[in-house]
Every structure is written in C-alpha cells, then in structure tokens.
Novice: 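Once you've had a glance at the structure underneath, I'll fire off some questions.
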Amino acid sequence: EKLSIHLRGEYLDNWAYFFSDTQPQSKMTEVTATIQYDLWKNVLSRIEFRWDHSADGQDAFGGDVEGEPTLKNAYMLAANIVYKF
C-alpha cells in the first residue's frame, strides 16, 4: 500500500520547432521509471530513472559547445524526498 511503481513514456516529433525555427526537425522518445514509497502521512520518497533517446539517429544531447550535441542518448537518476501540503 505504501510502495508504488510508475512507468511513463513519451514520443516527440518535430520538437525542435518549440525552441527555434533554424534547428533541424527531430524525433525523440523518453521513458521514465519511478519507484515511490510513502514514508509518513505527508512525506514520500522517490527514485526516478529517465532515458531520453534520439529516435531519428541525430545527436541531440551533451557536447561542450551550445548547439553542437554529441550524444544520441541522455540518462538521469534522481532521488527525492517530498513533503506534500
């Protein structure tokens, strides 16, 4: 009852137009997995893993120079403690 597992996926097509008209079109997928545990009545803890992937083969993440990505995948691992009020 206190433990829950969540999975969310997203697909984006032509996402670059949200940021700039000059960037090439791109397709991306994203998957987030969350394990959540309610510690107390208004306090919960979460561990999340997120994977972003360039579905069209273009580099879309990372890099040392802004606007010049060098990776097709990005990963994030996050831990949270949340107080709900």
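Worth saying up front: this structure is predicted, and the values here are computed from it rather than measured.
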Novice: Are R8 and E30 packed together at the side-chain level, in the sense that at least one heavy-atom pair is separated by less than 4.5 angstrom?
Specialist: yes

Novice: CH2/W51 to OG1/T29 distance, rounded to the nearest 0.5 angstrom?
Specialist: 5.0 Å

Novice: Is the CD1 atom of I81 crowded by more than 12 outside heavy atoms at less than 6.0 Å?
Specialist: no

Novice: Hey, does I35 have a side-chain heavy atom less than 4.5 Å from the side chain of L3?
Specialist: yes

Novice: Any chance you could measure D13, atom CG, to Y11, atom OH, to the nearest 0.5 Å?
Specialist: 4.5 Å

Novice: State, to 0.1 Å, how close L71 and G62 come at their nearest heavy-atom pair, and which atoms those are.
Specialist: CD1-CA, 4.1 Å

Novice: How far does CD of E48 sit from CD of Q36, to the nearest 0.5 angstrom?
Specialist: 8.5 Å

Novice: Does Y37 share a hydrophobic cluster with Y83, counting links as ILVMFWY side-chain heavy atoms below 4.5 Å and allowing steps through other members?
Specialist: yes

Novice: Atom OH of Y75 and atom NE2 of H53: how far apart are they, to the nearest 0.5 Å?
Specialist: 9.0 Å

Novice: Is the shortest side-chain heavy-atom distance between I5 and T34 below 4.5 Å?
Specialist: no

Novice: Kindly compute the distance separating CZ (R50) from OG1 (T32), expressed to the nearest 0.5 Å.
Specialist: 5.0 Å

Novice: Does the side chain of W40 reach to within under 4.5 Å of the side chain of D38, using non-hydrogen atoms?
Specialist: no

Novice: Do N80 and I47 come within less than 4.5 Å of each other through their side chains, counting heavy atoms only?
Specialist: no

Novice: For side-chain contact (heavy atoms from CB on, under 4.5 Å), just list the numbers for L44 and V82, CA-CA rounded to whole Å, side-chain angles, deciding distance to a tenth of an Å, and then say yes or no.
Specialist: CA-CA 5 Å; L44 58 93; V82 179; 3.9 Å; yes

Novice: For side-chain contact (heavy atoms from CB on, under 4.5 Å), just list the numbers for L12 and K27, CA-CA rounded to whole Å, side-chain angles, deciding distance to a tenth of an Å, and then say yes or no.
Specialist: CA-CA 6 Å; L12 300 168; K27 296 178 181 176; over 6 Å; no

Novice: Roughly how far apart are K41 NZ and L39 CG, rounded to 0.5 Å?
Specialist: 15.5 Å

Novice: If you apply the rule side-chain contact (heavy atoms from CB on, under 4.5 Å), what do you find for N73 with D52, and how did you get there?
Specialist: CA-CA 6 Å; N73 295 291; D52 295 303; over 6 Å; no

